[in-house]
Protein chains: 2
Amino acid sequence: MALRVGVIGGGQLARMMIAPAVELGLDIRVLAESEGMSAQLAATAVGDYRDLDTVRAFAKDVDVVTFDHEHVPQDVLRALVADGVAVHPGPDALQYAQDKLVMRARLAELGVPQPDWAPIANADELQAFLDDHGGRAVVKTPRGGYDGKGVRVVRAAEDAADWFAQTAEDESLLVEELVSFRRELAQQVARRPSGQITAYPVVETVQRDGVCAEVFAPAPGAAERLMRVAEGIGRQIAEGLGVTGMLAVELFETDDERVLVNELAMRPHNSGHWSQDGAVTGQFEQHLRAVSDLPLGDPTPRARWAAMVNILGGPADGAFEDRFEAAMSEHPDAKIHTYGKDARPGRKVGHVNAAGDDLDDVVYTARAAAAHFA
Amino acid sequence: MALRVGVIGGGQLARMMIAPAVELGLDIRVLAESEGMSAQLAATAVGDYRDLDTVRAFAKDVDVVTFDHEHVPQDVLRALVADGVAVHPGPDALQYAQDKLVMRARLAELGVPQPDWAPIANADELQAFLDDHGGRAVVKTPRGGYDGKGVRVVRAAEDAADWFAQTAEDESLLVEELVSFRRELAQQVARRPSGQITAYPVVETVQRDGVCAEVFAPAPGAAERLMRVAEGIGRQIAEGLGVTGMLAVELFETDDERVLVNELAMRPHNSGHWSQDGAVTGQFEQHLRAVSDLPLGDPTPRARWAAMVNILGGPADGAFEDRFEAAMSEHPDAKIHTYGKDARPGRKVGHVNAAGDDLDDVVYTARAAAAHFA
């Protein structure tokens, strides 16, 4: 019988696991939040991923449980593990992706380079951090943030007053040094439970309004040293945190040529969509292999350069298919991926990949094709 | 609403349309012959493709009807067209893939190079053909043959006696010259209803026991002239027969350097599986684009060489997943595709693709990885 991989969450990351699962011959099953989600085709259950009974019922019919997102509560995850379910990544690893304060503390123990940071319980502690860091800092809610939400640049203690007001007595916010960076990078690695790790080349990511807009792979102009340092950080974190499946490490390349860890994601990640059409093994196949404890695939790029451009918002009328004629006729080499989502300002509804020998051509193709869906 | 593509037939060709359909955002629906077929994940109906009511009910909920095989009867196809259903390829084209006598007669009209052939109604006519062709010939049943079935080499008229006995009064068998060929080739082209045609490079195919075993793309050592001639034949047949979707033209490269048409297939074809991992646009995406009358994708190879090796028969215990560890660990760059079928001697149950700069390496990888599933 085929290996049954259960994915909790029915978003586009689960959707994009369907293609490699079908080709390899894995039986992919999705627990979706509602009907009509992106991963609808593979949805075998609909329910609340925070409800233990719902998740338990889903988990009993699969060989391994993995995720479309990192929001499944620790108590639910640990109950599954206690039931003997294979959960990848497991709760011990996922806690570091779920709580940025726990993550910062652990990375500090590991000696991984990261921005100055501190837990802050009140305005006085924030002011003290501001005084030590040139009067500017980034305040983050430790939990639940994504795509720029739960992140705020502050220049005065009162800038975070509303967040402190919402923070429980025994809880803190995270404050970080506002890093002066040249650009943002992302390093992806895959790790299987039995320990094998394989790394993709470090990529450059461009965010707009806190949302990933474009990715260039490998990071243009990256020196051998930078590639090596980034890969080393990815491997160190995957091993140090016991990550299984895909790990994405978002990095700052600073003006003074340091590489600092910004965020972690323990699942396929927007920074790796290029690999679907640009690497021998795409990140979605790699994640399926890793969480199934199968040997990892070759992450080598298929072409010298690859680019990914997100389709943000989408056609106002939501009719992607009406844009296919123009986009495909002008860009026959563009690889168009859509997520079956309704258009909404700023929403990730698809992306376009391109790969080839010339970086400018590749970036132009991906941008121009994606622009047809704006 | 997403374009709804209805595929009649639930075999591996329908299965392999699922991945590109999901990525592009097409709503693929399959009419399967039974439960548990290869394309089960996308099966929205189960029934007999020869039953008009069954096919009609399936067709009314899709925007276009296409096929996993060429066996849907002409009267069913023509009824759909009369209903106003978009059927690609249509019955006028499919008749040439359904009846080899009709195909030979039409290719003769088009002046396409093919072996000497004749319709034969009895042993005397066969003997006359044998006498004219050195006492050897190939007899074929005009309808229903595939993977070598319905094809027989004969050296005497009585060798086909049983087939004549089964042939109706008003029907004939097809006899063809036994071509002395250097190797077999296949030329694939895609054509959309509005007329655009795009061609893949001609490939070399290796059959064993009448079944495709290996494919090398492009055909090694093919001269520019051969590539051009093969592409020209593919384009001429696609236009001359009004094919829509993927067309595969199986060719003999003769010892005296002619190229002769052997068989036609109007659907994705085993000779094009390499393109899933070896071309910018794989044949399954190309077929979906073509039958949906969308602009065709770039068929350019992603690498200098690609190879495809079929997994024939499969593991005796049917447990593909037990072979993944060894196959994937030894060949991380092999692209493994399985069809969700039970093992059976000689049955096509999967294939392995590999692509790269060195033909020997690519062929070795595909063969060695596929061998793990024997």
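Because the structure is a prediction, the values reported are computed rather than measured. All chains are named by letter (A, B, ...) in the order of the sequence lines, taking the proteins before the strands, and each is independently numbered beginning at 1. Computed over heavy atoms, backbone and side chain alike; hydrogens, waters and symmetry mates excluded.
No part of B/Gln196 comes within reach of chain A, as not one of its non-hydrogen atoms sits under 4.5 angstrom from that chain. B/Arg29 does not touch chain A: none of its heavy atoms, backbone or side chain, sits under 4.5 Å away. Contact of B/Ile18 with chain A is made through the side chain alone, with heavy-atom distances under 4.5 Å. Contact annotation for B/Ala334: only backbone heavy atoms (N, CA, C, O) come within less than 4.5 Å of a heavy atom of chain A.
With respect to the salt-bridge test (charged N to carboxylate O, under 4.0 angstrom), the residues B/Arg289 and A/Glu321 do not qualify.
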For A/Lys341 and A/Gln12, run side-chain hydrogen bond (donor to acceptor under 3.5 Å, both in side chains): C-alpha distance rounded to whole Å, both residues' side-chain angles, the deciding distance at 0.1 Å, then the answer. CA-CA 9 Å; A/Lys341 289 178 166 185; A/Gln12 66 264 26; 2.8 Å; yes

Let me see the working for A/His273 and A/Phe284 under ring pair (Phe, Tyr, Trp, His ring centres under 6.0 Å), right down to the final yes or no. CA-CA 8 Å; A/His273 291 355; A/Phe284 298 98; 5.6 Å; yes

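Heavy-atom pairs under 4.5 Å with chain B were tallied for A/Val280, A/Leu24, A/Leu26, A/Asp333; the largest tally goes to A/Leu24. Interface remark: of the candidates A/Leu3, A/Leu41, A/Asp27, A/Leu41 forms the most heavy-atom pairs closer than 4.5 Å to chain B.
Classification of the A/His351-A/His337 ring pair by plane angle, with boundaries at 30° and 60°, yields parallel. Using bins of under 30°, 30° to 60° and over 60° for the plane-to-plane angle, the ring pair B/Phe324/B/Phe373 lands in the perpendicular bin.
Of all residues spanning residues 290-305 of chain A, those with a heavy atom less than 4.5 Å away from chain B's heavy atoms are A/Asp293, A/Leu294, A/Pro295, A/Leu296, A/Gly297, A/Asp298, A/Arg302, arranged by number.
Side-chain contact, B/Gln188 with B/Gln286: no donor N or O sits under 3.5 Å from an acceptor N or O.
A donor-acceptor contact shorter than 3.5 Å is absent between the side chain of A/Thr244 and the backbone of A/His88. A/Thr338 places no side-chain N or O within donor-acceptor distance of the main-chain N or O of A/Gly350, the cut-off being under 3.5 Å. Side chain of B/Arg367 to backbone of B/Val309: no donor-acceptor contact under 3.5 angstrom is found.
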